[in-house]
K.L.:
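Pasting a structure below so you can have a look.
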Amino acid sequence: MRVRVIHGPNLNLLGKRDPEVYGSHTLDDINAEIQTLAAQLNIEVRISQHNSEGAIVDAIHECAEWAEAIVINPAAYTHYSIAICDALKAVRLPTIEVHLSNIHAREEFRHKSVTAPVCIGQIAGFGVSSYLLALHAAKDIIQKRWR
Ligand code: DQA
């Protein structure tokens with residue numbers, strides 16, 4: 001099973017950025033936890049982080065060649081990127097949107113996700129565990145739908 005994990009803008013600053021909202025884990029810590037769980041679940045993961053919208057669109061396009069599911073935290077682009085929404089729709093891979101924080105309990109502009117409607121579902125508010133829960137969900141989806 002092959003799952004691509006894509007982190008959006010500013011997530012490279014985790015650990016330093018708003019730790020009261022996002023916790024003290026760095027992106028490397030999170031990626032290490034993702035890799036450990038993926039190995040336990042027999043999932044091959046590829047992980048990348050991008051600050052620009054176009055780079056995320058390119059990463060999504062690449063998924064069509066390799067991945068069976070996508071786990072994506074589009075970060076701020078969640079709330080307005082039609083380009084990322086369209087890219088996810090175009091590759092037609094089962095996608096899980098994740099957020100470290102509970103975006104629905106924060107400022108109103110974070111309540112709307114333009115990307116969630118083209119995803120299987122959204123996991124938000126569990127910190128690092130949002131990604132780990134998403135990996136379990138990805139495995140479940142791949143097994144149930146595609147095997
Ligand atoms: C975030 C939530 C977004 O609103 C914010 O812009 C982020 C991180 C999260 O993981 O909680 O950068 O996606």
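Start at 1 and go down the list; that is how both ligands and their atoms are numbered.
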K.L.:
Which pairs with one or both residues in residues 3-12 pass side-chain hydrogen bond (donor to acceptor under 3.5 Å, both in side chains), sequence neighbours excluded?
P.N.:
Arg4-Ser48, Arg4-Glu62, His7-Asn31, His7-Tyr131, Asn12-Gln49
K.L.:
If you measure only the distance, is there a donor-acceptor pair under 3.5 Å linking the side chains of Thr78 and Glu97?
P.N.:
no
K.L.:
Counting only heavy atoms and a distance below 4.0 Å, can you name the residues contacting ligand 1?
P.N.:
Arg17, Tyr22, Asn73, Ala75, Ala76, His79, His99, Leu100, Ser101, Ile103, Arg106, Arg110
K.L.:
What are the two closest heavy atoms between Thr95 and Leu93, and how far apart are they?
P.N.:
OG1-O, 2.9 Å
K.L.:
Membership question, hydrophobic clusters at under 4.5 Å side-chain separation (ILVMFWY): are Tyr22 and Ile103 in the same one?
P.N.:
no
K.L.:
Mark yes when over 12 heavy atoms from residues, nucleotides or ligands other than Glu108 sit less than 6.0 Å from its CD; otherwise mark no.
P.N.:
no
K.L.:
Quick one: does Ser129's side chain have a donor or acceptor within less than 3.5 Å of a partner on Leu132's backbone?
P.N.:
no
